[in-house]
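Each chain gets a letter, A, B and so on, in the order the sequences are listed, and its residues count up from 1. Being a predicted model, the structure only gives us computed values, none of them experimental.
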Amino acid sequence: MKIATWNVNSLRVRLGQVIDWLRAVEPDVLAMQETKCKDEHFPADAFAEIGYRVEFSGEAGYNGVAIASRKEATGVATDIDGFDDHQRRVIAATIGELRVINLYVPNGQRVGSEKYEYKLRWLAALRDHLRIELERHGQLVVLGDFNVAPEDEDVHDPAAWEGKIMCSEPERAAIRSLRQLGLHDAFRLFEQPPQSFTWWDYRAGAFRRNLGLRIDLILVSEQLRQMCKSCTIDAAPRRNERPSDHVPVIAEFAFG
DNA sequence: ATGGTGGCGCGGCCA
């Protein structure tokens with residue numbers, strides 16, 4: 001069982017790359033973020049042609065999330081319970097025994113801004129929601145673009161980023177609070193190359209210079225932790241023409 | 001360097 005996450009930064013622009021990647025990597029599940037695609041325009045046929053079903057929750061221009069899966073998805077939910085939000089940032093589905101929660105966490109813009117406060121409120125509501133989901137589902141994976149680099153080792157220049165957006169202490173505390181619920185960062189279950197990142201700014205040749213952050217995460221429940229066999233970053237799509245600024249992360253499990 | 005690039009959608013916002 002292979003489960004992946006990828007912030008595609010516009011599914012319309014990246015559809016060919018996503019389809020090619022699915023054909024090459026053949027994950028059982030792909031969680032996508034920043035589809036920027038209204039539901040009535042979602043390119044479901046392109047996924048169906050290569051054997052994937054899709055569940056999606058989108059809006060025009062911003063945000064938008066989707067789950068592509070080989071098997072049928074049930075129990076689809078598109079909100080954090082009790083958190084009123086018109087922005088389309090969450091889609092959850094049950095695939096076999098597995099509960100998948102796909103997130104596009106708010107970026108937050110700048111520490112102290114209104115968007116930053118919204119990000120912290122959003123993450124606090126998420127924690128309360130995941131506490132309940134963990135009681136319901138033994139095999140729970142929470143994955144997506146978290147817009148937080150959990151530790152200094154997830155940052156190319158921790159001194160330059162100290163206290164900045166995606167690295168501030170309140171954001172990192174919010175991620176730690178998810179781990180305290182019993183969710184494990186799949187990437188850190190294994191030895192990894194230093195300077196492993198999932199996002200690089202489009203500007204200033206950041207990818208070429210590997211000036212990145214690891215902000216795309218796969219968190220797994222205790223049951224899934226024991227079955228997790230690998231977790232890797234696939235940086236190859238960043239070398240495509242017109243790439244997304246994020247690359248896929250893939251976790252492999254010993255079941256299915 | 002308060003810049004730089006990219007997506008959406010056609011001016012300015014968001015990342």
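Between the side chains of A:Y202 and A:N9, at least one donor N or O sits under 3.5 Å from an acceptor N or O.
Contact annotation for A:F207: no contact, since no heavy-atom pair falls under 4.0 Å across all strands.
Remark: A:S10 is not in phosphate contact with B:dG6, judged by side-chain N or O atoms under 4.0 Å from OP1 or OP2. One finds a side-chain N or O of A:R242 lying less than 4.0 angstrom from the OP1 or OP2 phosphate oxygen of B:dG7.
Between the C1' atoms of B:dG4 and B:dA15, the separation comes to 13 Å (whole Å). For the C1' atom pair drawn from B:dG3 and B:dG9, the interatomic distance equals 24 Å after rounding to whole Å. Here the separation of B:dG7 from B:dT2, taken at their P atoms, is 25 Å to the nearest Å.
Comment: A:K2 does not engage A:E26 in a salt bridge, judged by the lack of any side-chain N to carboxylate O separation of less than 4.0 angstrom. Salt bridge status for A:D185 with A:R214: present, with a side-chain N to carboxylate O gap under 4.0 Å.
The CG-P distance, from A:L11 to B:dG7, rounds to 13 Å in whole Å. Atom CG in A:N9 sits roughly 19 Å away from atom P in B:dC13 (whole-Å rounding). In this entry the distance linking OH of A:Y202 with P of B:dT5 reads 13 Å, nearest Å. Separating the CG atom of A:D145 from the C1' atom of B:dA15 is a distance of 10 Å, rounded to the nearest angstrom. Going from atom CE of A:M166 over to atom C1' of B:dC14 covers 13 Å, rounded to whole Å. Here B:dA15 presents its C1' atom at 7 Å from CD of A:E34, a figure rounded to the nearest Å. The separation between A:R14 atom CZ and B:dG7 atom C1' is 8 Å, rounded to whole Å. Between the CZ atom of A:R110 and the C1' atom of B:dA15 there is a distance of 12 Å, rounded to whole Å.
Comparing A:D245 and A:R12 by the nucleotide of DNA chain B whose heavy atom lies nearest to each, the residue mapping closer to the 5' end is A:R12.
Listed nucleotides B:dT2, B:dG9, B:dG4 differ in distance to A:R203; the shortest reach to its side chain belongs to B:dG4.
In this structure, A:R70 is positioned above the aromatic face of A:Y52, its NZ or CZ under 6.0 Å from the six-membered ring centre and within 45° of the axis.
Formation of a donor-acceptor pair under 3.5 Å by the A:R110 side chain with backbone atoms of A:Y116 is not found in this model.
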